[in-house]
Amino acid sequence: MDLVDRLLAGDRRAAAKLVTAMEDGGLSAREAIAALYPHTGRAHIVGVTGSPGTGKSTLVYELAKEFRGRGKTVGIIAVDPTSPFSGGALLGDRIRMQKLSTDAGIFIRSMASRGQLGGLARATGDAIKVLDAFGRDLIMVETVGAGQSEVEIASAAHTVIVVDAPGLGDDIQAIKAGLFEIADILVVNKADRDGADKTYLTLQMMLEMDEPGGARDWRPPLLKTIALQGEGATVLADAVEEHLAHLRESGHLATRTRRLAEEELRRIVGQELLDRLFGQVNGDRWHSLAGKVAERQLDPYTAADTLVDSFFHGLTAEETGKGCRS
Amino acid sequence: MPEKKIRVLIAKPGLDGHDRGAKVVARILRDAGMEVIYTGLRQTPEMVVAAALQEDVDVIGLSILSGAHMTLIPKVAELAKEKDLGEVLFLVGGIIPDDDAVALREMGIDGIFGPGASSEEIASFITENVKKG
């Protein structure tokens with residue numbers, strides 16, 4: 001029985017092997033995606049993001065426990081950064097979640113970002129598909145500890161939780177563009193710490209600046225949690241369910257799903273074109289162009305145009321050639 | 001670009017709270033280009049094996065300083081075999097007396113690293129012995 005069949009039959013080892021296949025890439029990963037894709041699209045995908053040390057992992061653990069209590073199966077994908085120097089990674093999100101690892105209704109997978117800069121790994125989207133086809137009701141994706149612009153999770157999840165904690169910045173940080181804009185739910189974690197009320201008020205003011213009756217008909221709820229003590233997990237889980245209900249009732253779920261599909265398709269087409277182009281350009285040509293750019297004989301845009309144009313001319317010639325033969 | 005990486009689980013089963021060694025080894029392997037999943041302290045054998053399975057690791061590294069190695073390690077090894085993780089490279093670090101080391105090797109533990117083991121030694125043992133694919 002092949003891995004996808006075993007996955008669909010509920011085999012955890014097959015799920016783990018398939019996630020690895022997605023990370024390693026290649027033909028077998030593509031074939032597996034083709035086979036399991038019809039079985040995806042059922043899970044509620046929830047992103048959890050925020051600065052390092054805000055308590056994302058602990059919050060994910062508490063939420064997972066809460067949803068298990070509500071009878072849902074849960075998949076967790078936790079992304080941590082890859083070292084730009086060694087290519088290695090220390091994946092430590094699991095430390096906070098280990099108590100759940102023996103529960104058959106939970107599947108936790110740590111992923112290294114492997115050079116990707118948007119807060120996720122290249123293979124995170126495909127790992128989500130694997131866990132979706134595996135039949136998890138809810139898939140939580142914890143991003144790399146995010147700064148301001150790691151907003152890729154917004155194009156991978158239905159519901160995005162942005163976690164903040166006291167002491168991390170003033171009100172200008174809160175109205176800058178980026179991370180807070182993508183929140184469907186805002187959480188002030190570590191609400192027992194000094195400064196929590198101020199952080200809460202700052203975020204509240206930020207939310208109040210949103211135009212009433214503006215483009216968004218969902219007003220992100222602002223919640224306080226103390227993840228370490230499990231406080232606030234129930235209310236947060238309610239908010240996650242309410243957001244999904246809202247997406248369904250308003251018809252936004254279909255729009256969002258469609259948008260996610262388009263973004264994914266665009267990304268894959270871009271990558272594919274790039275791979276094919278570089279697969280065709282010969283090394284001498286590349287080095288000669290790069291040399292000219294370095295020596296200021298050619299500007300980089302003109303050099304790039306030369307390459308891309310010749311790639312498409314090559315394609316057209318190939319097409320015509322085929323046409324002649326047939 | 002997609003590429004294969006060696007994935008290693010580092011866990012501390014049992015009750016002793018001295019995780020400095022485990023963290024140092026995790027860091028060494030990170031610097032050797034591996035993806036290290038660190039599970040932290042007080043792991044039961046069941047937790048270690050469940051994590052190794054979900055993370056699809058190539059290597060399990062256990063750190064034990066409490067003296068309970070002859071109870072805990074065989075349990076982890078046995079559970080791992082049960083879950084079809086026999087292919088995984090199995091390493092132990094900590095304080096393991098020579099006689100016990102012999103017994104552990106017979107049980108299928110691939111490498112035992114005591115105090116004084118160098119970082120190169122551990123990293124190259126892994127790269128040379130991991131079965132990829």
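Numbered from 1 within each chain, the chains take letters A, B, ... in sequence-line order.
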So, B/Lys12 and B/Asp16, do they make that salt bridge, N to O below 4.0 Å? yes

Regarding B/Glu35 and B/Arg7, does a basic nitrogen lie under 4.0 Å from an acidic carboxylate oxygen? yes

So A/His39 and A/Asp132, side-chain hydrogen bond (donor to acceptor under 3.5 Å, both in side chains) or not? Walk me through it. CA-CA 8 Å; A/His39 303 276; A/Asp132 192 346; over 6 Å; no

What residue in [options] has the most heavy-atom pairs under 4.5 Å with chain A?
options	answer
B/Leu85, B/Thr44, B/Val8	B/Leu85
B/Ala51, B/Gly40, B/Ala26	B/Ala51
B/Gln43, B/Met47, B/Arg27, B/Gln54	B/Gln54
B/Leu53, B/Val36, B/Leu41	B/Val36

For the residue pair [X] and [Y], confirm or rule out a side-chain donor-acceptor distance under 3.5 Å.
X	Y	answer
A/Ser110	B/Glu55	yes
A/Ser155	A/Glu263	yes
B/Ser63	B/Arg20	no

A/Arg42 (side chain) donor-acceptor with A/Asp137 (main chain) under 3.5 angstrom: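 Flag not set: sc A/Arg42 to bb A/Asp137 has no pair under 3.5 Å.
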
Identify which part of A/Ile106 has an atom lying under 4.5 Å from any heavy atom of chain B, answering side chain, backbone, both or neither. backbone

What do you reckon, is CD of A/Glu272 surrounded by more than 12 foreign heavy atoms closer than 6.0 Å? yes

For A/Glu152, which of A/Leu120, A/Thr143, A/Val79 qualifies under side-chain contact (heavy atoms from CB on, under 4.5 Å)?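 The passing option is A/Leu120.
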
Under 4.5 Å from a heavy atom of chain A, the part of B/Met34 involved: backbone

When only heavy atoms count and the cut-off is under 4.5 Å, which of residues 49-73 of chain A reach chain B? none

